[in-house]
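First up is the structure itself, then whatever we jot down about it.
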Amino acid sequence: MRIATWNVNSVTARLPRLLSWLSSAEPDVVCLQELKCDEAAFPSREVGELGYDVACNGGGRWNGVAVLSRVGLGDITTGLADEPGFEGETQRRAIGVTCAGVRLWSVYVPNGREVGHPHYTYKLRWLEALHATVLAERDPGRPFAVLGDFNIAPTDDDVWDITAFAGSTHVTDPERKALTMLAEAGLTDLVPRALKYERPYTYWDYRQLAFPKNRGMRIDLVYANAAFADAVTDAYVDREARKGKGASDHAPVVVDLDISAR
DNA sequence: ATGACGATCCTCGATCGA
């Protein structure tokens with residue numbers, strides 16, 4: 001079973017890329033983030049022609065998450081329980097599904113903007129709600145994972161130069177503490193292989209030649225319970241998908257598991 | 001070669017991203 005997560009930075013702008021990637025990588029399940037489109041505008045027909053069902057939580061100009069599956073899709077949960085909002089509105093940042101007996105969440109954690117900004121407070125509160133969801137769904141007997149754009153680099157080695165991030169979001173102790181809480185809830189950070197260079201970055205800014213210079217960050221993460229992690233046979237960042245014109249600024253993270261469908 | 005930001009709409013400038 002092949003499961004991937006990919007922040008596509010607009011599913012409609014990325015549709016040709018997404019379809020060709022689905023055809024070549026042949027994932028069974030894909031968690032998507034930053035759809036930037038309404039549910040009604042999601043290209044369900046196009047991905048359906050490749051055999052995928054869709055569960056989508058999207059709306060408006062920003063955010064939006066979905067899961068594509070060609071091995072079944074059930075128990076769809078839109079949003080976290082008691083999910084905090086920003087400026088009075090709940091945003092489209094989480095969707096939970098069950099695919100072939102594997103429980104998955106596709107998440108797009110708030111960016112935070114600046115340390116001390118209301119959006120940063122929102123980010124930390126949102127992560128508390130995610131933690132609560134993980135605790136509520138804890139079941140050692142069932143493979144479980146939270147996949148998505150966490151907007152947090154777990155360690156200093158997960159950014160190209162930690163000194164360039166002094167005072168920035170994504171690397172602060174409170175953000176990393178939220179990841180520690182997920183670990184204490186029984187989840188493991190599945191670190192993928194990098195297919196080039198040493199560090200498995202998943203995001204490179206569009207600006208200033210960040211990608212060719214490999215000035216990246218590992219912020220797209222897979223947090224999995226033991227039943228999931230123990231079944232993993234391989235995990236890698238598909239940096240090929242970041243190349244060239246028309247790419248997302250994130251690359252897909254691909255995880256292979258030896259789990260038979262139930 | 002992987003090449004100097006891109007997507008969106010309340011659209012040609014402001015907002016967001018990280």
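Since we're looking at a predicted model, the values are computed, not measured. The sequence lines fix the lettering, A, B, ..., with proteins before strands; numbering per chain opens at 1.
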- ring-ring contact (aromatic ring centres under 6.0 Å, His included) filter on Trp62(A), not counting sequence neighbours, yields none
- Note on the structure: Across all chains, not counting sequence neighbours, the salt bridge (Lys or Arg N to Asp or Glu O under 4.0 Å) partners of Asp238(A) are none
- So what does Arg215(A) hit on the nucleic acid, given a heavy-atom distance under 4.0 Å: a base, only sugar-phosphate, or nothing? nothing
- Query: Across the strands shown, which category fits Lys123(A) at heavy-atom distances under 4.0 angstrom: base, sugar-phosphate, nothing?
  - Reply: nothing
- Glu87(A): what forms a salt bridge (Lys or Arg N to Asp or Glu O under 4.0 Å) with it, not counting sequence neighbours? none
- Item | Consecutive-pair stems (at least three Watson-Crick or G-U pairs, under 3.5 Å) that include DNA chain B | B:5-9 with B:13-17
- Item | Those residues that, when tested against His119(A), pass ring-ring contact (aromatic ring centres under 6.0 Å, His included) (two or more places apart) | Phe86(A), Tyr122(A)
- Message: I'd like to check the ring-ring contact (aromatic ring centres under 6.0 Å, His included) partners of Tyr223(A); sequence neighbours left out, ordered by chain and number.
- Response: Phe150(A)
- Query: Taking only residues two or more places apart in sequence, or in another chain, which ones meet Asp205(A) in a salt bridge (Lys or Arg N to Asp or Glu O under 4.0 Å)?
  - Reply: Arg207(A)
- Going by number, which of residues 16-24 of chain A have a non-hydrogen atom under 4.0 Å from DNA chain B? none
- Its contact letters, B for base, S for sugar-phosphate only and - for none at protein heavy atoms under 4.0 Å, make nucleotides 8-18 of chain B read BB----BBBBB
- Message: Per the ring pair (Phe, Tyr, Trp, His ring centres under 6.0 Å) rule, what does the pair list look like for residues 181-203 of chain A, sequence neighbours excluded?
- Response: Tyr203(A)-His250(A)
- Message: Going by salt bridge (Lys or Arg N to Asp or Glu O under 4.0 Å), name the residues that satisfy it together with Lys243(A), two or more places apart in sequence or in a different chain.
- Response: Glu240(A)
- Item | Partner residues of Ala251(A) under the side-chain contact (heavy atoms from CB on, under 4.5 Å) criterion, sequence neighbours left out | Trp204(A), Val237(A), Arg242(A)
